[in-house]
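This report concerns only the one structure given below.
In what follows, every heavy atom counts, from backbone to side chain, and hydrogens, waters and symmetry copies are set aside. Every chain is numbered from 1 and lettered A, B, ... according to where its sequence line falls, protein lines coming before strand lines.
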Amino acid sequence: MAAAAHLGSHEHEDHHHHGPPEANRSSRVDPATLGMMLFIISEIMVFGAFFTAYFFIRVVGGAEWPAEGDHLPKLIAGFNTAILVSSSFTLHYAQEAIRKDNRRGLQLGMLVTFLLGATFLFIQINEYVHVGFSPQDHAQGTIFYGLTGLHGAHVTIGLVLLLFVVIRSFRGHYSSQSHLGMEVPGIYWHFVDVMWIVVYLTVYII
Amino acid sequence: MTARLRAPGLTRAGLFLVLGTLFCAAIIVAVREAYGYPVFADGGIVPKAQNAILLLSLLIAPLWFLVGLGAFDYWFYWAAGKRTRPEDHSGHGATSWKDYFRVNTDHKVIGIQYVVTSFFFMLIGGLLAMLVRAELAAPGSQFVDANAFNGLFSVHASLMIFLFIIPVFAGLANYVLPLMIGAPDMAFPRLNALSFWMLPIAGVMMTASFFAPGGSFSTGWTAYAPLSTSAPIGQMFFTIGVQFAGASSIATALNFLVTIITMRAPGMSFWRMPLLVWANFSTSLLVVIATPFIAASQFFVLFDYALGFNFFRPERDGDILMYQHVFWFYSHPAVYIMMLPGFGIISEVLAVKARKPIFGYRMMAFSLLAIVLLGFTVWAHHMFVSGMQDWIRIPMMVTTAIIAVPTGIKIFSWLATLWKGVLHMDTPMLWALGFITMFTLGGISGVVLAMVPMDIYVSDTYFIVAHIHYVLYGGSLFTIYAGVYYWFPKMTGRMFDERLGKIHFWMTFVSFNATFGPMHLVGVKGMPRRVADYAEEFAAWNLFISLSSFVLGLSTLVFIYNMVASWRGGRRASANPWRALTLEWQVTSPPPVFNFDRIPTVVGGPYEYGVPGHVHGIMEPAEEARPKQAAGASSAEEGV
């Protein structure tokens with residue numbers, strides 16, 4: 001879906017494309033960016049629904065959090081948060097690099113961003129293995145795995161998008177004039193980052 | 001044959017569907033073997049593994065189908081950084097009926113694909129309704145047992161809502177919206193094709209649930225937990241089908257919003273947009289914001305059902321009522337998703353057929369936005385008897401009553417539009433007038449239901465059934481008929497049979513009221529809905545309702561015959577048979593492949609009927625239309 005949302009609009013980048021005639025541009029906003037923003041609104045609402053479940057079970061239902069006898073690895077997750085947040089900065093570095101036509105910088109920045117994201121996902125899966133409870137045990141476990149798993153799914157989608165950008169950057173795409181194809185997945189990656197901070201605060205800290 | 005299996009299309013899609021199912025089976029067998037669960041017994045696969053394979057296939061195999069169909073081909077090339085294949089225009093337009101059965105990026109083809117597909121599922125849903133009424137024609141059991149009956153009305157409602165009302169509006173808008181705003185296509189044509197093809201997947205899945213072991217899903221279209229989390233596997237056909245329908249509808253809404261915001265013709269400011277465009281703008285906002293909630297609610301059900309999660313298990317601190325909150329937070333806005341585009345259609349038809357400017361154009365647009373906002377504040381009025389906290393009831397009652405105000409603004413504006421107009425009482429106009437009367441009745445019973453004491457009294461009775469059919473059939477479906485008749489000449493290039501259209505209207509109008517009107521009476525007397533049997537005292541009314549409903553079913557066949565026959569051999573339609581001002585009528589019927597040879601310029605409002613010398617759009621680019629001294633040059637070009 002995410003890929004669908006932004007990839008569909010890239011015919012403008014490809015000069016060998018002869019689709020419908022160019023439409024009048026009635027807005028300064030670029031269509032692909034706007035599409036991604038709207039898609040992110042709908043993603044926020046998906047998280048909103050999962051947070052509603054969290055709210056009903058923890059606040060309305062008054063369930064103990066975390067469930068009796070369980071411990072949430074706040075420190076490891078905090079370390080993981082730092083990894084994910086730093087990947088936003090490396091992504092920004094890559095974007096700044098291509099604006100100056102620095103291809104090495106773009107490739108380096110994208111590769112590091114991708115690896116940081118993959119590390120986050122790896123640590124998250126590792127945490128599932130060692131956390132000591134399962135979603136089947138109690139509703140708290142369901143919500144914990146539900147929210148972190150939903151976020152993990154979004155990290156995966158984001159990583160797939162980043163992978164496309166990495167491949168394309170090594171194949172010589174993008175330039176200082178035309179780098180929309182990496183800006184738009186970048187917006188999504190920043191969203192995934194910010195969403196994790198919300199999930200981390202609500203699930204682990206509060 | 002191998003060439004056909006390699007080229008994108010239905011053949012390759014079928015092959016990939018089989019491969020996808022085998023892929024899912026392999027995963028389940030491998031996982032169960034790895035964990036040491038039994039897989040094979042008595043020369044077959046154990047039932048639990050069968051169910052798991054079926055469930056995973058429902059989720060994954062449709063994606064393989066889409067890949068086989070070719071919906072992702074371009075993106076695969078793009079993602080791998082390869083040269084994307086040059087577009088040779090072969091993806092645009094349709095020259096024969098076969099072109100409607102492949103991935104096509106032309107918004108006009110997709111629009112027709114949408115409308116025809118959704119009417120196909122409407123016929124299936126209607127057939128199920130006929131079976132429901134046949135069972136209810138007399139007290140006692142006629143020909144289905146109670147569980148099969150539950151399945152009949154559940155699939156009926158789900159198909160009508162998710163496969164008919166919502167997508168048919170998307171289809172009509174797909175066809176006319178880019179034309180109305182002077183755009184050559186939608187903003188994301190490939191995404192548009194993908195969103196269409198997710199629709200038949202959802203429809204086939206819901207319909208096929210009748211063949212599932214244990215029968216179809218039978219929880220109503222609301223699929224309340226824990227009923228849905230403990231039902232047979234047929235329930236998952238709904239749970240997963242809704243995901244595809246929802247993804248399709250979100251993608252289309254996103255596409256509409258981007259198209260409307262970024263692709264309007266020069267001069268087409270927001271306050272010069274036709275109200276159909278405004279209506280779809282509002283609807284798309286609702287879809288983008290609300291639809292993720294039903295996706296999430298069905299994911300909860302899926303996780304509880306398939307993986308033993310505890311979202312809805314109170315013995316493990318889960319919360320059953322949470323399902324209803326999340327579900328209705330989508331499904332109440334969804335009734336506006338099913339109604340706002342219809343409001344847009346009525347505004348178009350009424351202004352053209354009354355030959356008058358629409359009354360209160362800006363208020364019409366503002367009331368749409370007001371409904372979008374208020375629509376998010378009323379969801380718990382579906383839950384007055386659910387056992388939720390008492391204090392939520394009164395605020396929800398008040399907001400529900402308030403939302404009748406913007407709707408009332410629209411009704412009165414339409415009436416004022418008709419006032420002293422020159423009414424052309426042809427088929428689209430009859431449907432529009434029928435809509436105003438029937439929807440007002442449905443709206444009034446809606447305000448009645450908003451009142452907590454009244455709602456408690458008639459909850460789960462036929463009064464509710466009567467209300468929803470007055471707003472969804474007499475409301476939404478009447479606007480759909482108005483829209484289909486109104487744009488039929490534009491979409492097909494043929495005129496429909498006016499006499500059959502009028503027969504269709506009067507037959508439907510009378511039998512519709514005969515069917516659903518008496519339901520108010522039996523409902524107030526206490527006949528419960530969603531039950532296969534009923535008390536003897538309701539027998540006479542129910543026989544009457546069933547007989548009327550069969551006439552209602554027949555009237556639909558008149559419509560289908562009219563559409564098919566007129567499409568094949570109707571009189572050729574001129575470019576602008578209704579003498580309308582909006583841009584879609586200024587091009588040929590059907591429009592050229594890329595809609596406009598040159599981007600038009602909009603110079604005035606869309607509804608100034610009867611205003612002497614008024615112009616809405618000029619069929620030439622702004623720079624040529626503007627200078628006065630160059631008038632000779634531009635008129636010379638017009639002659640070309």
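For B/Phe270, the CZ atom is densely surrounded, since the number of other residues' heavy atoms within 6.0 Å is greater than 12. In this structure, B/Trp271 places its CH2 atom where more than 12 heavy-atom neighbours from other residues, nucleotides or ligands lie under 6.0 Å away. Atom CE of A/Met37 sits in a sparse spot, with 12 or fewer heavy atoms from other residues, nucleotides or ligands closer than 6.0 Å.
When atom types are taken as modelled, the side chain of A/Arg168 and the backbone of B/Trp78 share a donor-acceptor pair closer than 3.5 angstrom. A donor-acceptor pair under 3.5 Å is absent between the side-chain atoms of A/Arg25 and the main chain of B/Thr262, judged by distance alone.
Between the OG1 atom of A/Thr142 and the CZ atom of B/Phe312 there is a distance of 10.0 Å, given to the nearest 0.5 Å. Between the CD1 atom of B/Ile250 and the CD1 atom of A/Ile41 there is a distance of 12.0 Å, given to the nearest 0.5 Å. To the nearest 0.5 Å, atoms CD1 (B/Ile294) and CE (A/Met45) are separated by 13.5 Å.
Contacts between B/Ile599 and chain A at a heavy-atom distance below 4.5 Å involve the side chain alone, from C-beta outward. Within the 4.5 angstrom heavy-atom criterion, only side-chain atoms of B/Val326, from C-beta onward, approach chain A. Both the backbone and the side chain of A/Val46 come within contact range of chain B, judged by heavy atoms closer than 4.5 Å. Residue contact with chain A, scored on non-hydrogen atoms closer than 4.5 Å, is absent for B/Glu315. Within the 4.5 angstrom heavy-atom criterion, no atom of B/Arg313 approaches chain A. Contacts of B/Ala71 with chain A are absent, with no heavy-atom separation under 4.5 Å from either backbone or side chain. For B/Ala265, the part lying under 4.5 angstrom from a heavy atom of chain A is the backbone only. Both the backbone and the side chain of B/Leu307 come within contact range of chain A, each with at least one heavy atom under 4.5 Å from a heavy atom of that chain. When heavy atoms are compared at a cutoff of 4.5 Å, B/Phe329 approaches chain A solely by way of its side chain, counted from C-beta outward.
Minimum heavy-atom separation, B/Val288 to A/Ser42: O-CB, 3.1 Å. The two residues B/Arg316 and A/Gln136 make their nearest non-hydrogen contact at NH1-O, 2.8 Å. What you find for B/Met263 and A/Ser26 is that their closest heavy atoms are N-OG, 3.3 Å. Between A/Ala49 and B/Phe300, the shortest heavy-atom contact is O-CZ, 3.7 Å. A/Pro31 approaches B/Phe188 most closely through the heavy-atom pair O-CZ, 3.4 Å. Contact record, A/Ser27 with B/Ile261: CB-O, 3.4 Å, taken as the closest heavy-atom pair.
For residues 51-73 of chain A, the interface with chain B (any heavy-atom pair closer than 4.5 Å) comprises A/Thr52, A/Ala53, A/Phe56, A/Ile57, A/Val60, A/Ala63, sorted by residue number. Within residues 87-98 of chain A, no residue has any heavy atom less than 4.5 Å from a heavy atom of chain B.
Annotation: maximal heavy-atom pairing with chain A below 4.5 Å, among B/Pro178, B/Pro292, B/Ala290, occurs at B/Pro292. Note: B/Asn310 leads B/Thr291, B/Asn310, B/Asp319 in heavy-atom pairs under 4.5 Å with chain A. Per-residue counts of heavy-atom pairs under 4.5 Å with chain B were compared for A/Asp137, A/Leu163, A/Ile143; the largest is that of A/Asp137. In terms of heavy-atom pairs under 4.5 Å with chain B, the best-connected choice from A/Leu34, A/Val165, A/Val160 is A/Leu34.
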ask   = Going through the checks in order, is the side-chain contact (heavy atoms from CB on, under 4.5 Å) test met by B/Phe303 and A/Tyr145?
value = CA-CA 11 Å; B/Phe303 288 148; A/Tyr145 279 90; over 6 Å; no
Trace of the side-chain contact (heavy atoms from CB on, under 4.5 Å) decision for B/Asp317 with A/Gln140 = CA-CA 8 Å; B/Asp317 285 339; A/Gln140 292 94 322; 3.5 Å; yes
